Number of protein chains: 2
Amino acid sequence: MSTHRSIAALFQLDRGAAASLQTQLRTKIVHAIHQGVLRPGLKLPSSRALSRDLGVARNTVSLAYQELIASGHLEARQRSGVYVASDSMPRPVIADGGVGEPARSRESSAVMRHASDLVIAQTRFRPPPQWREMPYPFVEGLYDRTLFPTTDWREASRLALAVDQVASWSTDRGETDDELLIEQLRQKILPRRGITAAADEVLVTVGEQQALYLVFRLLSTERSVVAFEDPSEPEIRALAQLGDAQCRYLAVDDEGVQLDQDLSDVDLFYVSPCRQRPTGVSLSARRRAGLRKAMAQHDFLLLEDDFESDLSFLGGAEPALKADDPDGRIVYTASLSKVLAPGLRLGFLVGPPDFIRAARRLRDLMTRKPSPITQRTAGIFLSLGHYDAMLRRLDKVYENRMIALRDALNHYRPLSIVIPPVTGGTSYWVKGPDGLDSARLMREAMADGVLIEPVASYFADPQAHPNIFRLGVTSIAEPAIREGIQTLGRVMTRLAEAGDRFPDQNAGFDQPASAALDGDAIRRKLAGQRLSYQTVYGEPCTIDLHQDGSMTGRAGYAQEDRDQGRWWVDDGQWCRQWANWAYGEVGVFYVECERNQLFWLDETGRRVDRAIIVGPIPASENLAP
Amino acid sequence: MSTHRSIAALFQLDRGAAASLQTQLRTKIVHAIHQGVLRPGLKLPSSRALSRDLGVARNTVSLAYQELIASGHLEARQRSGVYVASDSMPRPVIADGGVGEPARSRESSAVMRHASDLVIAQTRFRPPPQWREMPYPFVEGLYDRTLFPTTDWREASRLALAVDQVASWSTDRGETDDELLIEQLRQKILPRRGITAAADEVLVTVGEQQALYLVFRLLSTERSVVAFEDPSEPEIRALAQLGDAQCRYLAVDDEGVQLDQDLSDVDLFYVSPCRQRPTGVSLSARRRAGLRKAMAQHDFLLLEDDFESDLSFLGGAEPALKADDPDGRIVYTASLSKVLAPGLRLGFLVGPPDFIRAARRLRDLMTRKPSPITQRTAGIFLSLGHYDAMLRRLDKVYENRMIALRDALNHYRPLSIVIPPVTGGTSYWVKGPDGLDSARLMREAMADGVLIEPVASYFADPQAHPNIFRLGVTSIAEPAIREGIQTLGRVMTRLAEAGDRFPDQNAGFDQPASAALDGDAIRRKLAGQRLSYQTVYGEPCTIDLHQDGSMTGRAGYAQEDRDQGRWWVDDGQWCRQWANWAYGEVGVFYVECERNQLFWLDETGRRVDRAIIVGPIPASENLAP
């Protein structure tokens with residue numbers, strides 16, 4: 001085998017890869033030089049020979065050589081050829097050093113034996129590494145790469161690296177943030193939340209997490225009492241615990257955080273009013289007023305986490321609490337959209353100028369300022385309107401996914417009900433039957449490709465709500481949602497049948513079945529009747545079963561969601577088909593009655609849904625469509 | 001004025017700007033929508049009319065409109081025109097809110113009155129905001145945008161945003177660093193320093209500062225004794241002080257940190273052996289051995305800051321201490337080149353796996369992981385060999401600048417000598433005469449456009465060395481260096497003449513001048529003589545003044561730097577011209593002698609340089625060139 005053949009063998013290129021063949025070739029040559037495989041002074045095959053051996057255009061090899069000659073890795077010798085440059089390797093210190101796995105002791109290292117006793121528990125839920133391969137990842141906050149605005153971000157990135165831009169973002173080694181980004185935050189992002197802030201009241205941080213870290217480091221000590229919502233993010237509680245602050249936990253209900261505890265000794269109150277983090281509940285107007293009153297009365301500070309306030313698809317949000325802060329008691333943190341944030345790591349902090357100065361100083365010691373390149377790119381991205389466009393797109397995508405999730409939950413009713421009436425979040429908190437172990441459910445569901453998130457770690461007492469889990473839509477494509485919920489329902493049924501008999505939670509569901517009605521009884525009992533039904537997400541629904549086999553349905557508090565369909569009896573079973581609801585599919589059920597309660601049973605005899613028989617359809621409304 | 005004319009007036013474009021006219025127009029329209037100047041439903045001028053009013057191609061306007069229609073800011077109505085979209089503004093919360101400066105109290109805010117007593121002094125030298133306009137910025141570490149590898153970084157950035165790359169760097173919300181970057185650090189960066197590390201022994205951080213923060217937070221408490229080099233970076237000492245550790249200061253000499261103190265109670269030893277931070281001195285082999293011995297004897301940990309080890313232009317560096325760490329006692333921090341780092345904010349930490357796990361956890365709480373986009377871009381930048389190419393370029397640029405600085409210092413001798421023999425840094429520490437107040441010198445020099453850096457803040461005792469200052473070359477272009485030092489010399493002379501009489505430091509310089517020799521005496525005294533001279537940077541130099549008016553010079557410890565020239569006497573003054581030295585210019589001096597000491601005087605009679613008259617040139621060497 002000739003030398004150039006063996007060299008060519010090093011450079012097998014992948015035509016399927018996105019990187020061009022020329023880029024791949026350059027990368028591989030540089031790598032081989034670093035590995036010492038191509039040694040200084042070695043003559044490389046001619047571009048003609050190498051292109052033939054690799055089966056690529058000669059120009060591909062020529063251009064790669066040319067680039068590497070320009071960068072000093074190769075050198076061209078006249079009338080001789082191309083060689084690995086004699087100084088191609090920047091000063092290697094060890095001649096014998098490859099990259100290997102050093103011998104490793106099982107014991108803790110000397111470093112760790114000397115480490116301070118700073119213990120930081122691993123509390124955050126971590127999805128299994130293979131989650132991307134799972135068909136139904138109902139996990140909030142995992143990254144959906146299909147939503148990243150690649151083209152627009154690339155444009156902003158290209159502009160930020162224009163020569164005059166480099167000149168302007170690289171002005172000093174100081175801690176001043178990028179002027180364009182600050183201006184865009186002040187003019188585009190903060191006003192939407194009702195906040196007016198001067199430039200010296202805003203600090204850019206490495207993600208929102210750093211903003212929170214700075215606040216806890218500056219505003220809490222081991223003598224402080226910090227109030228937290230319960231549930232809350234364990235990674236945020238950990239910040240207070242890092243400083244040995246005492247934590248106080250206040251339960252969250254469907255109006256947000258409850259304020260009925262004595263708050264007189266509270267120093268700092270962490271609250272996420274727009275969308276309670278993690279449940280998504282909005283703080284009610286009544287509670288907002290109560291919180292303001294308590295803040296004034298007990299002289300504490302508020303840390304307002306305006307998490308995900310950029311999502312607006314389920315209705316207009318209230319202004320931030322920070323929008324009305326005459327005494328300067330509120331410190332506000334947020335980040336750019338979660339679609340950008342994981343890639344960018346940009347958050348921000350709003351507070352009084354003297355606090356921002358202190359926070360800037362601490363940020364400087366922690367990390368210096370966040371990447372000026374990224375700051376400028378984000379500033380340009382905002383100034384071109386790409387951010388608005390992205391939010392509009394996201395709103396639509398998330399809204400559709402949430403509707404799909406709601407419909408699927410309502411259709412398949414996997415032995416569970418949904419808790420609080422969320423507005424605008426990207427997940428549902430689902431309360432399973434008492435006795436359900438959501439950690440076990442997660443493990444079982446994973447085997448069927450469904451990933452759900454147990455929420456125990458969000459609660460101050462991780463044992464308090466073992467039967468609650470979370471279904472998020474940020475990482476699952478809309479078409480997969482229905483099948484995912486169907487699958488999850490089957491897993492729950494399997495668990496129940498395997499002996500995990502869940503006690504009754506929706507009275508009657510779990511009763512031994514009474515005798516199913518026969519076909520005639522069904523017709524007698526239901527024709528011309530009005531049923532009252534409650535969706536799994538808590539909304540009322542009225543279904544009129546007309547004598548002529550037609551059927552009308554009205555759902556929602558304003559009965560705004562309407563549908564029509566047909567019902568009939570076939571072989572002792574009740575059948576129905578809506579135009580749109582329940583995916584427009586035919587449903588076939590056995591039926592049982594107990595007093596005015598109607599139960600639908602699946603083929604196995606399990607009660608899967610129920611309604612109240614209200615009585616005959618009022619004559620005035622009995623208008624078959 | 002018609003509507004479209006007044007709209008056009010909003011969009012004045014700047015033909016000189018780097019952003020395309022189309023980009024500018026889009027930015028301005030989006031801005032005007034956000035400002036409420038262009039309200040939803042407003043009809044925009046036709047592209048024909050607007051292009052005419054703006055004096056740009058119609059296509060420029062059409063394309064801008066098209067983009068903004070696609071992004072939802074504008075909408076096209078058939079047969080009618082282009083309008084501001086009815087939902088062009090994402091949900092504004094306040095109708096009346098512009099962006100203004102809120103009323104501000106002079107008192108400290110409620111937030112700061114409640115803040116913990118965490119005091120973080122502002123200690124770092126901050127250049128005045130106008131430093132970029134100054135012609136001679138001799139300040140280390142300020143950003144030289146001309147060195148940023150714009151084109152190469154742009155290529156890496158473009159590749160990192162390719163669709164398949166986005167897919168791979170966006171894999172999870174976890175704390176795992178970018179695989180490509182880790183691999184490149186392990187294969188290209190660390191081996192140069194002699195370090196072999198497994199993937200779980202490396203952590204990517206938000207700049208080196210975060211790496212240092214993590215180490216101090218994890219390895220020091222208020223019960224710890226931390227040893228620092230003196231001088232050292234105040235921003236690093238502050239990290240130990242944040243944790244209330246006791247600091248011990250060890251002086252630095254020309255072998256690096258001195259180890260003669262009792263180190264028995266030291267817990268953590270911060271050291272920057274490759275290039276002492278900030279003086280640039282390398283730790284001698286003797287001291288390295290001493291430090292290892294003390295570490296074993298007193299059972300302390302080492303924090304090795306491998307600051308600027310990537311610069312190699314003045315000779316090969318020793319391997320890192322971490323390269324030989326069998327017991328796992330050394331934690332290592334570094335960053336990518338300072339030419340990239342300020343823009344990127346990427347550093348890294350190497351340590352035992354259990355320590356890296358703890359550091360990763362704390363990093364996660366502080367900031368989560370550094371931007372995956374930036375990590376991937378850096379990984380690609382390294383894999384394409386751009387990083388090597390950049391270092392080679394930088395080495396050359398910095399080397400040339402340092403030579404220019406050395407030559408200028410030696411030529412103009414601004415009443416000062418250079419301290420330690422640095423190898424490979426990008427600055428000289430300059431010790432002025434006793435009595436010089438370098439803070440005052442900085443202020444005076446600024447008036448003449450010269451920026452120098454006082455170094456008081458680097459010393460544990462800021463009063464200890466008031467006459468030392470630093471001259472750095474990272475931010476000043478080579479051609480400006482000579483004139484800058486000449487100017488600085490003039491400022492120092494002015495200070496001296498204004499009454500700041502500096503006492504003698506190079507004995508004889510400041511003596512009252514004895515009578516200058518006349519022309520004949522000069523010839524008699526010097527023809528055929530050998531002079532021994534010392535450069536300002538401490539190297540010996542021999543000058544032979546031949547009888548025939550030729551002159552040979554040999555400088556350096558190995559006499560490796562040689563030059564030739566002519567000398568003559570003119571109107572009672574000694575004149576000389578080197579081929580290369582002293583810029584090849586003619587120098588004209590009065591001359592005085594005291595015993596075997598020769599003094600050169602400038603026109604004002606000030607002694608500017610001196611030499612020892614060794615004696616006649618040995619016959620064997622008396623070979624005029």
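Throughout, a chain's letter reflects where its sequence line sits, starting with A, and its residues are numbered from 1. These numbers come from a predicted model, not from an experiment.
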With the side chain counted from C-beta on, respond yes when B/S383 and A/T27 share a heavy-atom pair under 4.5 Å apart, and no when they do not. yes

Given the options A/V331, A/V111, A/L382, A/V30, which has more heavy-atom pairs under 4.5 Å with chain B than any of the others? A/V111

Derivation of the salt bridge (charged side-chain N to carboxylate O under 4.0 Å, His left out) call for B/R368 and A/E208: CA-CA 9 Å; B/R368 309 236 182 272; A/E208 191 185 359; over 6 Å; no

Quick check on [X] against chain B: is it the side chain, the backbone, both or neither that has a heavy atom closer than 4.5 Å?
X      : result
A/L161 : both
A/T151 : neither
A/L212 : neither
A/D152 : neither
A/L384 : both

Quick check on the interface: out of [options], who has the most heavy-atom pairs with chain A under 4.5 Å?
options                : value
B/D299, B/I330, B/I380 : B/D299
B/E67, B/E155, B/K28   : B/E155
B/T150, B/T367, B/V206 : B/T367

Closest approach of A/A358 to B/M112 (non-hydrogen atoms, all atoms of both residues): CB-CE, 3.8 Å

Of all the heavy-atom pairs spanning A/A110 and B/R329, show the shortest one and how long it is. CB-CG, 3.9 Å

Donor-acceptor check, side chain of B/Q210 to backbone of A/M366, threshold 3.5 angstrom: yes or no? no

With a 4.5 angstrom heavy-atom cut-off, is it the side chain or the backbone of B/I29 that approaches chain A, or both, or neither? neither

Apply side-chain contact (heavy atoms from CB on, under 4.5 Å) to A/R217 and B/L242, showing your working. CA-CA 11 Å; A/R217 187 73 176 86; B/L242 263 185; 3.9 Å; yes

